[in-house]
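Whatever order the structure lists ligands and atoms in, that order sets their numbers, starting from 1.
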Amino acid sequence: MDHPAIEVARLRKEYGKIVAVDELSFVVPRGAVLGLLGGNGAGKTTTISMLLGLLVPTAGSIRVLGIDMLRDRYRALPRMNFSSPYVDLPHRLTVRQNLDFYARLYGVRDVAGRLREIADRLQVGEFLERPAGKLSAGQKTRVALAKALINRPDVLLLDEPTASLDPDTADWVRTLLKDYQAETGATILLASHNMAEVERLCDDVIMMQEGRVFERGAPPDLIARFGRNDMEEVFLDMARGRGRGLDVLKKAG
Ligand code: ATP
């Protein structure tokens, strides 16, 4: 039987006195594109970092593709990948050296062939020989996505995949992600502040507030539930405390 792509149960992360993630539980079925939304400091990046095994939870459990990430993450990591505008690739290495390094790290079989394929797909061929530190923000994002797809991940975690991109490049990235998902059936979890992006890419959304799930649903369902026109308005309701989820949380103490 296929396990869900991601199973998070009663996940908690404390940084000293700050509770960044608080009793967070959710399941992501295989092949879903799940949006993780929430205002600044809601706990999205902390959650993604724990899913990747970069941060150790204070409590709770995480399974990815059925594998316990706290005990056995090295079995799951080759089938996962991620990209974040906040994690830079080594600056002095050229783009080719970077991609070659990550391809080997992830155990890609035909490294040269995959490099050609991914350079073509992500349109990074013209700057393969340039140091990664000397690229524009848009070029860096394309390289980061090339790295994120190098091992054809089954589970892809993206932290704000189109942050600081011009609208045209951002649109191109969204199309690329949609195509990758359709071709491979991969599961994608993406944190985003861009509600148009969420409406276009995500078939399911978790809205986080203060480290907890505030609301969950498909964008059209959330829009209907909040009586709004789009996800931008839904997000503003949540941020300004007008959602029904907040009342439920407050009542629950
Ligand atoms: P943003 O949208 O601003 O990226 P986020 O939803 O990703 O926010 P997190 O970065 O996960 O939020 O932060 C959640 C909480 O944990 C915040 O209160 C933040 O200040 C705190 N926090 C995050 N990282 C650390 C850290 N290394 N040490 C202490 N506190 C931290």
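Sorted by chain and number, the residues within 4.0 Å of ligand 1 by heavy atom are Tyr15, Ile18, Ala20, Gly39, Asn40, Gly41, Ala42, Gly43, Lys44, Thr45, Thr46, His193.
A 4.5 Å side-chain heavy-atom check between Arg216 and Val205 finds every atom pair outside the cut-off.
Note on residues 122-145: pairs passing salt bridge (Lys or Arg N to Asp or Glu O under 4.0 Å), not counting sequence neighbours, are Arg96-Glu129. Residue pairs meeting the salt bridge (Lys or Arg N to Asp or Glu O under 4.0 Å) criterion with at least one partner in residues 97-108, sequence neighbours excluded, are Asp100-Arg104. Listed by first and then second residue, the side chain to side chain donor-acceptor pair (under 3.5 Å) pairs involving residues 19-44 are Arg10-Glu23, Arg12-Asp22, Asp22-Arg212 (not counting sequence neighbours).
By the 30° and 60° cut-offs, the orientation of the rings of Phe235 relative to His193 is perpendicular.
Side chains of Asn81 and Lys147: a donor on one and an acceptor on the other come within 3.5 Å.
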